Amino acid sequence: MNIIVIGGGAAGLMAAGTAAGQGAQVTLLETNEKVGRKLFITGKGRCNVCNNCDVQEVLRNVPVNPRFLYSALGGFGPADVMDFFENHGVALKTERGNRVFPQSDKAADIIDALFLWVKKAGVTIVHTTVDELLIEDGVLTGVRAGHKTYKADRVIVATGGASYPQTGSTGDGYRFARQAGHTVVPANPSLVPLVEDGDTCQKLMGLSLRNVQLTVYENEKKLYSDFGEMLFTHFGLSGPLVLSASAHMRHFGSKKYRVEIDLKPALDEKTLDKRLLADFDKHKNSDFINALGELLPKKLIPVVIEKSGIDPREKVNSITKAQRAALLRVLKAFPVEISGKRPIAEAIITTGGVSVREVSPKTMESKKLPHLYFAGEVLDVDAYTGGFNLQIAWSTGRLAGLSATEEES
């Protein structure tokens with residue numbers, strides 16, 4: 001059995017190694033000079049391998065087409081992924097939110113383990129860009145790459161989505177899918193920085209906040225809330241907390257979005273009010289603008305004061321209870337209106353892709369063109385942050401690799 005895998009990312013490497021382990025002759029075609037390029041940037045270079053949870057929890061974190069993944073996850077769930085990497089020499093650890101990382105905090109260890117595994121299994125890696133599928137009289141016969149023809153009995157497309165094109169995710173897989181007659185759901189950015197409607201963030205550009213709580217509102221309805229770190233930029237908001245939140249914001253154009261930042265989530269309003277009174281007592285004869293230095297980063301103080309509506313030059317000892325209540329509201333729910341997301345090229349992953357209605361969930365085989373398989377982000381499935389997107393890549397890659405090696409009955 002001769003199998004070609006297009007794409008040397010997480011799904012492609014898993015598919016190639018699995019198929020070769022079943023005795024197939026496997027050729028992996030990868031555009032970049034190294035495999036696993038996108039894995040290097042996941043989890044801030046640490047690689048959030050998966051989430052240490054059960055399959056049901058994974059499915060709860062997949063907002064688009066979760067049912068399509070039942071078979072793939074059933075065959076290779078989070079526990080299997082963890083066993084796989086531990087058995088291939090990568091010690092793992094579980095952190096907050098059940099996120100799993102290499103103990104070394106190095107994505108390179110995950111890539112090295114996969115690379116050694118596929119090489120040992122006998123996979124041939126060729127660094128080339130695939131131009132098209134070869135389809136003769138409705139039969140898939142291989143691919144054309146460069147000026148060369150690669151013949152194959154089966155082809156697995158694992159090219160990723162359209163995010164981070166510099167890592168090789170250029171949307172080529174969508175082109176191959178269309179060539180085979182597939183519907184491609186338009187790609188949109190997910191896990192991406194947010195653009196502000198206004199100039200608050202511009203005033204705070206470069207300020208990074210840790211241990212804050214961010215809550216997303218969609219048309220005034222609370223949509224999502226989490227705790228972590230974020231960054232103000234010239235265009236809006238970025239950082240891990242913001243990327244996670246962005247995946248929940250899917251209806252720009254028809255719905256309005258606002259985020260509120262709790263700058264002091266460890267203190268409830270009553271405790272924070274006591275803290276304010278103590279700070280005010282220390283600075284009772286000072287101007288208000290000089291009384292918040294122990295509570296907030298310097299850059300944040302004038303913006304918080306502006307949002308509170310209190311005159312920065314008002315003496316602290318003349319601030320009323322109502323004014324203090326207004327300040328508390330800003331500290332516990334610092335508002336930023338959101339107008340949209342940054343472009344797809346800046347997204348960690350994309351929503352959209354090959355319509356799963358046209359792919360068999362039990363095998364990952366195309367329903368349009370026999371012997372063509374899809375795995376990973378090229379499919380119209382995506383998840384929230386926390387290792388769930390890589391889990392989809394491992395599970396669908398493994399299922400495609402196994403299915404492609406099965407002889408037809």
Side-chain angles (χ1 to χ4, degrees), residues 3 5-22 28 36 38-39 42-43 47-88 90 92 94 98-101 110-111 113-114 117-118 121 154 156-161 173 190-191 348-351 353-354 356 359-366 373-406:
I3 293 175
V5 178
I6 310 173
L13 288 165
M14 184 56 76
T18 301
Q22 298 296 303
L28 176 68
K38 198 166 169 186
L39 282 166
T42 59
C47 192
N48 184 182
V49 181
C50 64
N51 195 283
N52 190 354
C53 65
D54 60 19
V55 166
Q56 289 308 314
E57 184 60 22
V58 176
L59 293 167
R60 278 193 285 275
N61 280 276
V62 179
V64 178
N65 299 319
R67 292 182 61 178
F68 175 76
L69 296 169
Y70 274 129
S71 294
L73 286 166
F76 199 63
D80 304 307
V81 171
M82 291 169 74
D83 284 347
F84 173 87
F85 284 107
E86 295 266 3
N87 291 337
H88 287 87
V90 184
L92 301 173
T94 301
N98 292 325
R99 292 166 160 86
V100 177
F101 292 92
I110 294 294
I111 298 161
L114 287 164
W117 173 60
V118 299
R154 310 275 191 275
I156 300 172
V157 175
T159 48
S190 185
L191 305 187
I348 291 178
I349 64 154
T350 43
T351 67
V354 179
V356 297
V359 179
S360 163
K362 289 197 163 54
T363 61
M364 298 294 129
E365 187 175 15
S366 163
Y373 297 79
F374 295 98
E377 205 194 323
V378 72
L379 289 158
D380 183 24
V381 280
D382 67 279
Y384 301 136
T385 51
F388 301 108
N389 286 292
L390 269 182
Q391 178 66 55
I392 292 171
W394 308 131
S395 298
T396 56
R398 181 177 157 79
L399 182 53
L402 285 173
S403 307
T405 56
E406 284 173 6

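Since this is a predicted model, take the numbers as computed values, not measurements.
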Seminar exercise, completed: What one should report as the nearest heavy-atom pair of N48 and G386 is OD1-C, 3.0 Å
For this session: Please report the shortest heavy-atom distance between G173 and V157, naming the atom on each side.
Result: CA-CG1, 3.9 Å
For this session: Using a 4.5 Å cut-off on heavy atoms from C-beta on, say whether the side chain of V49 contacts that of F101.
Result: no
For this session: In sequence, state the C-alpha distance, the side-chain angles, and the governing distance for V359 and F68, and then conclude on side-chain contact (heavy atoms from CB on, under 4.5 Å).
Result: CA-CA 9 Å; V359 179; F68 175 76; 3.8 Å; yes
Exercise. Taking all atoms of both residues into account, what is the closest heavy-atom pair of S71 and K362, and its distance?
Worked result: OG-CG, 3.8 Å
Exercise. Tell me, do L114 and L39 make a side-chain contact under 4.5 Å, heavy atoms counted?
Worked result: yes
Problem set entry | Taking every non-hydrogen atom, the tightest pair across A393 and A10 | CB-CB, 3.8 Å
Problem set entry | Sidechain-backbone polar pair: N389 side chain, Q391 backbone, donor-acceptor under 3.5 Å | no
Problem set entry | Ring centers of F84, W394 separated by less than 6.0 Å | no
Problem set entry | Heavy-atom side-chain contact between I3 and Y373 under 4.5 Å | no
Exercise. Side chains of P78 and N51: closer than 4.5 Å at any heavy-atom pair?
Worked result: no
Problem set entry | Side chains of R60 and F388 in contact at under 4.5 Å (non-hydrogen atoms) | no
Seminar exercise, completed: When every non-hydrogen atom of R398 is compared with those of G75, the smallest separation belongs to NE-O, 4.2 Å
For this session: Determine whether T18 and L399 make a side-chain contact, defined as any pair of heavy atoms from C-beta on separated by less than 4.5 Å.
Result: no
Problem set entry | Derivation of the side-chain contact (heavy atoms from CB on, under 4.5 Å) call for M364 and I156 | CA-CA 9 Å; M364 298 294 129; I156 300 172; over 6 Å; no
For this session: Find the distance between CE (M14) and OG (S395) and round it off to the nearest 0.5 Å.
Result: 8.5 Å
For this session: State the CD-CG distance between E57 and L73, to the nearest 0.5 angstrom.
Result: 12.0 Å
Exercise. Below 4.5 Å, heavy atoms only, C-beta onward: do I111 and C47 meet side chain to side chain?
Worked result: no
Exercise. Counting N and O atoms only, with roles assigned by atom type, does the side chain of E377 sit under 3.5 Å from a partner on the main chain of L390, one being a donor and the other an acceptor?
Worked result: no
Problem set entry | Side-chain heavy-atom pair V100, T94 within 4.5 angstrom cut-off | yes
For this session: Calculate, to the nearest 0.5 Å, the distance between atoms OG1 and CZ belonging to T385 and R99 respectively.
Result: 5.0 Å
Exercise. Taking D380 for the side chain and N65 for the main chain, is one N or O donor matched with an acceptor at less than 3.5 Å?
Worked result: no
For this session: Check A20 against A121 and note the closest heavy-atom contact, atom names and distance.
Result: CB-O, 3.5 Å
